[in-house]
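Quick one: structure below, then a few questions.
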Amino acid sequence: MIKLPGLIDIHTHLRTPGQEQKEDFYTGTQAALAGGFTTILDMPNNQQPITTLDRLENKIKLAEQDIICDVGFHFGSLGDNLLEFQNVQEMVFGLKLYLNPTTGNFLINEEKLKSIYEAWTGNQPIILHCEGETLPMALEVIRQTKKPTHIAHVSSAEELSIIISAKEEGLPITCGVTPHHLFLTDIDGQKLGAYGYMKPYLKTQEDQDFLWKNLDSIDIIESDHAPHTKKEKGSDNPPFGVPGLETTLPLLLTAMSQGKLAIADITRLMFTNPKRIFNIPTDEDTFVEVDETEEYAIDNKNLFTKCGWSPFNGWRVQGKIKTVFIRGIKVFEDGKVLSKKGSGKIIFPRP
Ligand code: DOR
Ligand code: ZN
């Protein structure tokens, strides 16, 4: 057995309020525990984007009744809510901005980006969805404003090379990669169809190899857990996104058994760095025990996420999550969630 600190996922989409057919705070946090995550941060691209204090407070109230692990929130902006920043800067772990089109109506341009950067005066990082051509533009704004920024889900060799140079230049940036970009390529995408459809898109084998080769330059592994129903995925216009909370750790433990990374990398990428970069409160009696030798197949049937599917369905993995403890209390054991709905805690950044 290996004991790991309770893992942190800074990038999840739990969908409440408004899209509870995909996921809700109860099913989403069950999926978190089943995947060894005891702390998750929820993104603001809800049906009604979380861009006001009111909407944030409403979301927190709804979460309180349902969650079973620690949950914190990110705020959103379309450039028209700059005065709200003051009211929420101490309540949220980050400000999430979208520079490329994706799920939800969130897109902003360069001019708006600049005004948002100037208005965000809190300590917590700005998180950017900026793929391809929007990355250099964003780096220019970071160069001018010097605001700590986390670049989410870096997926290509080109993007990661640009980020490595920007870090060498001294820009205050960190970056994350997703498990799907580490374990799937565009070839898998052809077989998966809509179930392999997300933003950023799956990239080539060369891109994936580059991410693995430069793991030391990556700060965080973030699941980008983005559940959508099978019905939505089967439609003519399937939405972007795949679930990831329950499969990230088993996939990484499998990669560890193949010598692709060490347990210290898993701790760094999914606990130490997220904790430090996002000022996340943690606890010594919150931990996960895994059997690093146990083999099993990922099976849609056994998932807690409401969407009920995974792009990794059928994959054989080595490394099983056995027990999860939060503040000394056993909350998950042998495939069963033990805690009561609403027993989780809303968290805020450490001052
Ligand atoms: O694939 C994605 N799904 N990428 C995003 O940026 C948003 C997410 C979602 O909310 O479904
Ligand atoms: Zn996302």
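As the structure lists them, so they are numbered: ligands from 1, and atoms in each ligand from 1. It should be emphasised that the depicted structure is a prediction, and the values quoted were computed from it without experimental measurement. Sequential numbering from 1 along the given sequence is applied to the chain's residues.
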From the Zn ion (ligand 2) out to just under 2.8 Å, does an N/O/S atom of His129 turn up? no

Arg15 near ligand 1 by a heavy-atom separation under 4.0 Å: yes

Suppose I only count heavy atoms of Ala226 and a 4.0 Å limit; which atoms of ligand 1 are within that range? 3 (N), 8 (C), 9 (C), 11 (O)

Of all heavy-atom pairs linking Glu246 and Phe304, the shortest is OE1-N, 2.7 Å

Going by distance alone, is a donor N or O of one side chain under 3.5 Å from an acceptor N or O of the other, for Thr204 and Asp207? yes

Heavy atom of the protein closest to atom 5 (C) of ligand 1 (residue, atom name, distance):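 Atom 5 (C) of ligand 1 sits closest to the protein heavy atom Thr102 OG1, 2.9 Å.
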
Taking the six-membered ring of Tyr201 (Phe, Tyr or Trp), confirm whether the NZ or CZ of Lys199 is under 6.0 Å from its centre and within 45° of its axis. yes

Nearest non-hydrogen protein atom, atom 3 (N) of ligand 1: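 Its nearest protein heavy-atom neighbour is Phe240 O, 3.2 Å.
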
Do you see a donor-acceptor pair shorter than 3.5 Å between the side chains of His153 and Thr178? no

Distance only, no hydrogens: is a donor on one side chain within 3.5 Å (strictly under) of an acceptor on the other, for Thr51 and Asn81? no

With a heavy-atom distance limit of 4.0 Å, tell me whether Asn45 approaches ligand 1 through its side chain, its backbone, both, or neither. side chain

For atom 4 (N) of ligand 1, what is the closest protein heavy atom, and at what distance to 0.1 Å?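 It is Lys199 O, 3.0 Å.
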
Atoms of ligand 1 less than 4.0 Å from His228 heavy atoms? 11 (O)

If you measure every N/O of Gly241 against every N/O of ligand 1, is any gap under 3.5 Å?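 Right, the criterion is met.
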
Please could you name the atoms of ligand 1 that Met198 approaches to less than 4.0 Å, counting only its heavy atoms?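 Close to Met198: 1 (O).
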
Taking the six-membered ring of Tyr117 (Phe, Tyr or Trp), confirm whether the NZ or CZ of Lys147 is under 6.0 Å from its centre and within 45° of its axis.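 That pair does not qualify as a cation-pi contact.
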
Proximal atoms of ligand 1 relative to His129 (non-hydrogen, under 4.0 Å):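 So the answer, numbered in order with elements, is 6 (O).
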
Side-chain donor-acceptor pair present, Lys203, Ser156, cut-off under 3.5 Å: no

How far apart are the C-alpha atoms of Lys322 and Glu294, what are their side-chain angles, what is the distance that settles it, and do they pass the salt bridge (Lys or Arg N to Asp or Glu O under 4.0 Å) test? CA-CA 10 Å; Lys322 303 304 280 186; Glu294 187 170 332; 3.0 Å; yes

Between NE2 of His11 and OD1 of Asp224, what angle is found at the Zn ion (ligand 2), rounded to 10 degrees? 90°

